[in-house]
Amino acid sequence: MNLSILIPLLNEEESLSELYNWIIKVMQSHNYTYEIIFLDDGSTDNSWNIIEGFAVENLNVKGVRFMKNFGKSQALHAGFAKAQGDVIITMDADLQDSPEEIPGLYDMIINGKYDLVSGWKKKRYDSVVAKNLPSKLFNWAARKTSGVELNDFNCGLKAYKNIVVKNIEVSGEMHRYIPVLAKNAGFGKIGEKVVQHQARKYGETKFGMERFINGFLDLITIWFLSRFGKRPMHLFGAMGSLMFIIGFVLAGYIGVSKLYHMYNDMRYSLVTNNPWFFIALTTMILGTQLFLAGFLGEIILRTKNNEERYKVSSEVNFL
């Protein structure tokens, strides 16, 4: 099978028919063998009924429906597990991603030998203040932190080799950083393609300004996981040990200084009257806590269970 097209969605009943017909037209004009997997993230409108209608008339259309809204990352995780195509395309359901871009992305994966190709919406039709400027700042921070040189991390239109999606773990709200996850998994040939961005035709965006805040927090998380996710003791243990040693040396100096003054009949004060004693004590306590955090992190890594992060209520056209 040439292509698996994954479409995560939430309450997009108005755009689904137009998107479906547009994708089918592109598939037929290029003679692709394909599957379209709609990933319904707990829609409360008529989206799932529309998807079931597509699946009845076209066996290449498949669907997964969550019991409630679990998030885009969870929807993509479910889709990646189901996808069978040589190339996996992800795109949003709001018609802001053009299916006409699919052949170009497919060609870059197959003939360009890329592991992953991310779309770049160079010309956008979103609000400059509410979306464009925060997005530029977000992408700049992501490039500097991750080392992945992409201009648009958050573009939903991406193409992957099948092996890539089978070897990355998308959780939380990490869908923004799939290229970083792929790089950390050992897939180094990551490209970018300028794609057409279309103004939203129906409904309203499901993401507010909080997505940028969450995005920066996730960026910190993925930076930490990429460097210390397997061995948290290397970070917390090192920091804890250093702080404990500094505090211990400082407390020792205070104690020795008092004994020296006592031995030489010099004036001295109580250790507890010296503010540096409390600084030393606090430093040792914090160092101990950091060390324990690293130790507990190591234990959790070795005993954790990989629980399902979402619940599926319905599926169509999967064997």
Side-chain angles (χ1 to χ4, degrees), residues 1-10 12 16 19-20 23 27 32-43 47-48 51-52 54-55 58-93 97 102 105-106 109-110 114-119 153-187 190 218 221-222 225-226 229 304-319:
M1 182 185 296
N2 300 133
L3 283 163
S4 291
I5 301 170
L6 308 185
I7 306 173
L9 63 110
L10 176 64
E12 298 286 0
L16 285 178
L19 177 63
Y20 167 71
I23 292 173
M27 296 298 102
Y32 291 133
T33 55
Y34 68 94
E35 63 180 358
I36 304 172
I37 304 178
F38 289 97
L39 304 159
D40 187 347
D41 187 22
S43 293
S47 295
W48 183 248
I51 293 167
E52 287 184 317
F54 297 157
N58 184 350
L59 294 179
N60 293 321
V61 175
K62 303 172 183 180
V64 176
R65 185 187 192 189
F66 287 174
M67 295 182 70
K68 66 172 187 176
N69 177 223
F70 285 97
K72 187 175 182 179
S73 291
Q74 278 52 252
L76 289 175
H77 183 274
F80 288 161
K82 298 284 189 182
Q84 300 177 20
D86 297 328
V87 176
I88 286 79
I89 303 285
T90 61
M91 61 189 307
D92 294 334
D97 295 333
I102 292 175
L105 292 168
Y106 177 81
I109 296 292
I110 297 299
Y114 284 94
D115 297 315
L116 184 158
V117 178
S118 180
F153 281 82
N154 207 36
C155 180
L157 188 58
K158 290 183 173 66
Y160 313 81
K161 281 183 180 178
N162 185 287
I163 191 174
V164 174
V165 303
K166 301 300 183 184
N167 286 279
I168 56 176
E169 187 75 14
V170 187
S171 60
E173 293 188 22
M174 293 296 181
H175 57 274
R176 302 177 183 89
Y177 302 112
I178 292 180
V180 183
L181 297 174
K183 177 189 174 186
N184 292 342
F187 300 101
I190 297 173
D218 289 334
T221 299
I222 203 167
L225 291 177
S226 65
K304 70 174 183 177
N305 295 316
N306 292 319
E307 299 177 356
E308 287 292 327
R309 298 184 298 273
Y310 48 84
K311 300 294 182 183
V312 174
S313 65
S314 305
E315 292 184 355
V316 291
N317 280 351
F318 287 105
L319 298 179

Asks: Go through Ile178 and Thr90 one step at a time and tell me if the side-chain contact (heavy atoms from CB on, under 4.5 Å) criterion holds.
Replies: CA-CA 11 Å; Ile178 292 180; Thr90 61; over 6 Å; no
Asks: Taking all heavy atoms of Ser314 and all of Val312, pick out the closest pair and write down the distance.
Replies: O-CG1, 3.5 Å
Asks: Would you say the side-chain atoms of Asn69 and Asp41 include a donor-acceptor pair closer than 3.5 Å?
Replies: yes
Asks: Quick one: list whatever passes side chain to side chain contact (heavy atoms under 4.5 Å, CB included) with Ala93, sequence neighbours left out.
Replies: Ile7, Leu9, Glu12, Leu16, Leu19
Asks: In chain order, what residues pass the ring pair (Phe, Tyr, Trp, His ring centres under 6.0 Å) check against Tyr106, with sequence neighbours excluded?
Replies: Tyr32
Asks: In chain order, what residues pass the salt bridge (charged side-chain N to carboxylate O under 4.0 Å, His left out) check against Lys183, with sequence neighbours excluded?
Replies: none
Asks: Please list, chain by chain and in numerical order, all residues satisfying ring pair (Phe, Tyr, Trp, His ring centres under 6.0 Å) with Phe153, sequence neighbours excluded.
Replies: none
Asks: Can you sort out the partners of Asp97 under salt bridge (charged side-chain N to carboxylate O under 4.0 Å, His left out), two or more places apart, ordered by chain and number?
Replies: Lys121
Asks: Using the rule given for ring-ring contact (aromatic ring centres under 6.0 Å, His included), can you reason through Tyr160 versus Phe80, listing the C-alpha separation, both sets of side-chain angles and the distance that settles it, and then say yes or no?
Replies: CA-CA 10 Å; Tyr160 313 81; Phe80 288 161; 5.5 Å; yes
Asks: List for me each residue that meets side chain to side chain donor-acceptor pair (under 3.5 Å) alongside Lys82, sequence neighbours excluded, and say none if there are none.
Replies: Glu315
Asks: Can you establish whether the number of heavy atoms outside Met1 located under 6.0 Å from its atom CE is more than 12?
Replies: yes
Asks: Test of understanding: with side chain to side chain contact (heavy atoms under 4.5 Å, CB included), list the residues that count as partners of Asn58, not counting sequence neighbours.
Replies: Tyr20, Ile24, Tyr34, Asn60, Val61
Asks: Taking all heavy atoms of Gly79 and all of Ile37, pick out the closest pair and write down the distance.
Replies: O-CD1, 4.5 Å
Asks: Under the ring pair (Phe, Tyr, Trp, His ring centres under 6.0 Å) rule, collect the residues that match up with Phe66, sequence neighbours excluded.
Replies: Phe70, Tyr310
Asks: Taking ring pair (Phe, Tyr, Trp, His ring centres under 6.0 Å) as the definition, give me every residue that meets it alongside Tyr114, ordered by chain and number, with sequence neighbours left out.
Replies: none
Asks: Would the distance check show the side chain of Asn154 and the main-chain N or O of Arg176 forming a donor-acceptor pair, the cut-off being under 3.5 Å?
Replies: no
Asks: Can you give me the closest heavy-atom contact between Ala55 and Asn317, atom names plus distance?
Replies: O-ND2, 3.1 Å
Asks: Suppose we screen for side chain to side chain donor-acceptor pair (under 3.5 Å). Which residues come up paired with Lys158, at least two apart in sequence or across chains?
Replies: none
Asks: If every non-hydrogen atom of Ile51 is compared with every non-hydrogen atom of Gly63, which pair is closest and at what distance?
Replies: CG2-CA, 4.4 Å
Asks: To check you understand the geometry: which heavy-atom pair defines the closest contact between Ile102 and Met91, and what is its length?
Replies: CD1-SD, 4.2 Å
Asks: Indicate the atoms forming the closest heavy-atom contact of Ile89 with Ala159, along with that distance.
Replies: CD1-CB, 3.5 Å
Asks: Give a yes or no answer on whether the side chain of Asp115 reaches the backbone of Ile190 with a donor-acceptor pair at less than 3.5 Å.
Replies: no
Asks: Can you tell me how far the CD1 atom of Ile88 sits from the NZ atom of Lys166, to the nearest 0.5 Å?
Replies: 6.5 Å
Asks: Kindly write out the residues that satisfy side chain to side chain donor-acceptor pair (under 3.5 Å) with Ser4, not counting sequence neighbours, or none if the list is empty.
Replies: Glu35
Asks: Taking only residues two or more places apart in sequence or in another chain, which ones pass side chain to side chain donor-acceptor pair (under 3.5 Å) with Asp92?
Replies: Lys72
